Amino acid sequence: MTVRVRFAPSPTGMFHVGGARSALQNWIFARQQGGVFVLRVEDTDAARNRPEWTEGILSALDWIGIARGSYEGPYFQSSYAAEHRAAAQRLHEGGRAYYCDCTREAVQARTGSQYAGYDGFCRDRGLPAGEGRALRFRTPDTGETMVVDLIRGEPTFENRLIEDFVIARGDGSPVFLLANVVDDMTMGITHVIRAEEHLPNTPKQQLLWDALGVKPPVWAHVPVVVNEKRQKLSKRRDKVALEAYRDEGYLAAAMRNYLMLLGWAPSGDREIVPWSVIEDEFRLEEVNPSPAFFDEKKLRAFNGDYIRALPVDEFVAACRPWLTGTDTIAPPPWQPAEFDEAAFAAVAPLAQTRIAVLSEIVPNVDFLFLASPSIEEAAWAKAMKEGAAELLDATVAAYEGLASWDAESLKATLEAVGAERGLKLGKAQAPVRVAVTGRTVGLPLFESLEVLGRERTLARLRAARLRLP
Ligand code: GLU
C-alpha cells in the first residue's frame with residue numbers, strides 16, 4: 001500500500017508557522033515512506049476564504065522547500081461538494097444519520113445547560129429532509145473508539161460521551177468534519193498528520209470512516225506550538241505568519257530546520273544540521289507530545305548562524321530583496337541609482353557577521369548609498385559632546401593630507417588625533433562615526449570610510465562640524 005499523506009490548510013489568513021511545521025512533517029514522512037504528499041486547500045468556508053490566502057499558502061510552501069509541481073494537487077475542497085453530499089445521503093439512507101429540527105435554545109432548555117451537547121431528541125422521530133433541518137450522525141451508545149496515533153499511542157474515547165454531531169447544516173451543506181473525511185477517502189489518504197487541536201474531532205471522524213465502510217487512516221496529532229508564556233501561538237498576539245519571517249529576512253533553510261526542532265531533535269546533541277540529516281533521522285513517533293515552545297529569540301540566533309555560514313556571494317545575493325525592495329518588502333531609503341554593487345560587495349563580509357536577519361542589512365549599509373546620512377537625534381547627542389568640534393576639525397585636516405585612503409591609515413591617523421587630545425580610539429571614533437554614518441554602532445568604522453571614499457567622508461565630517469557651535 002502506498003503511503004499517502006495530505007496537508008489540508010484553510011485559506012482564511014496568513015500562513016501560520018504551525019501549519020508550515022505540519023506541512024514539513026507530512027512532507028518528510030511521505031519521502032521516508034516512498035509515499036505521496038497531497039495538498040488540499042480546504043476552501044469551503046466561503047465567508048472567510050480569499051484567493052490571495054491560497055496563493056500565499058502555495059508560495060510560502062514553495063519558499064520552505066515544498067515546491068509547486070513536486071506534490072499532488074492542489075485540490076480544492078469546494079470541488080468535491082457532490083461527494084460530500086453523496087456521503088451525507090448515504091449515511092442517512094443507511095440509518096446512520098437523522099434529520100433534526102431542534103434549535104440550540106430548545107436543546108439548552110431541555111438539558112438545562114449550554115455545554116451538555118445534543119440530547120438525541122430527534123433520533124427516532126424519523127424526520128424527512130427539510131429546510132432548516134440539520135443532519136446528525138447517530139453515534140454508538142456503547143463501546144469505545146480507539147484511534148491509532150503515531151505520537152499519542154492509542155487514545156481511546158467512550159462512545160456514549162460523543163454527542164450526535166451535525167454532519168450537514170440546515171441548508172444541506174456538509175460541515176468540516178464530514179467534508180474532511182470524505183476528501184481523505186476520495187484521495188486515498190493513509191496517514192493524517194495534523195495539529196493537536198483536531199484530536200477531539202478524531203473519534204467523530206473515525207466513526208464516520210467506519211460508518212462509510214472504509215478503513216480509517218493512521219493518525220498523528222502533532223503538539224501545539226506555544227509562546228514563552230505557554231499560550232498557544234495566536235495571530236492576534238504573536239508573530240505567526242511565515243511570510244512575516246520571510247520578509248524580515250529569515251532564511252528558508254534556518255526556518256525549516258527550526259520548525260522541525262519543535263518537539264524533536266536530531267541525534268548527537270546537534271541542532272544545526274543539513275536538511276538531509278533531518279530527512280533521514282526525523283521520526284514522527286519521536287515527536288514529543290507536549291506543547292512545543294516557539295522561541296523567537298532562539299530562532300533569531302539560529303538564523304544568524306545560518307547567515308554567517310553562507311558563502312559570501314550567496315549572502316550578497318540573499319540580501320538583494322532588501323537592497324532593492326520587492327512586492328512585499330519595502331524599498332530601501334536610498335534612490336535606486338545610488339546603489340553601488342561594488343561598494344556593497346566590499347562591506348558585505350563585514351555585515352554578514354553582524355546581522356541576525358537579512359532586513360538588518362539596510363541600516364548597516366545605508367550610509368553608503370544615501371546622499372547624506374540620516375542622523376539619529378539620540379546618536380548625535382551622545383557623540384557630539386564637548387571637544388567634538390575641535391576633534392572633527394583636526395580629523396578633517398589630518399584626513400585631507402592622507403597619502404593612502406585605506407582602513408589602516410585612516411585608523412592610525414585618527415588614533416594619533418585622539419592621542420594628542422588624551423582620547424582613546426573608541427572615544428575619538430564616536431563623533432566621526434555619527435558624522436559619517438548617522439549611528440553610534442555599525443560596521444567597522446575604518447573599513448566603512450575606505451569604501452565610502454575620501455570625498456564623501458570629508459564632506460560629511462565638514463557638514464557635521466558646521467552643525468556644531
Ligand atoms: N483545514 C483544517 C485546518 O486547517 C485541516 C484539518 C486537518 O488537517 O484534518 O485546520
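In listed order, ligands and their atoms are each counted from 1. Quick caveat, the model's predicted, so the values are computed rather than measured. Along the sequence shown, residues carry numbers from 1.
- Geometrically, Arg256 engages Trp275 in a cation-pi contact, judged by NZ or CZ lying under 6.0 Å from the ring centre and within 45° of the ring axis.
- Within the structure, every pair that satisfies the ring-ring contact (aromatic ring centres under 6.0 Å, His included) test and touches residues 61-80, not counting sequence neighbours, is listed here: Phe37-Tyr71.
- A side-chain donor from one of Glu281 and Ser267 sits under 3.5 Å from a side-chain acceptor of the other.
- Classification of Arg68 and Glu55 as a salt-bridged pair holds, one side-chain N sitting under 4.0 Å from a carboxylate O.
- Pocket lining of ligand 1, defined as residues with a non-hydrogen atom under 4.0 Å away: Arg6, Ala8, Pro9, Ser10, Glu42, Phe176, Asn180, Arg194, His198.
- Applying the salt bridge (Lys or Arg N to Asp or Glu O under 4.0 Å) rule to Glu296 yields the partners Lys239; only residues at least two apart in sequence or on another chain are considered.
- Taking the side-chain contact (heavy atoms from CB on, under 4.5 Å) definition, one finds that His92 meets it with Tyr99, Leu135, sequence neighbours left out.
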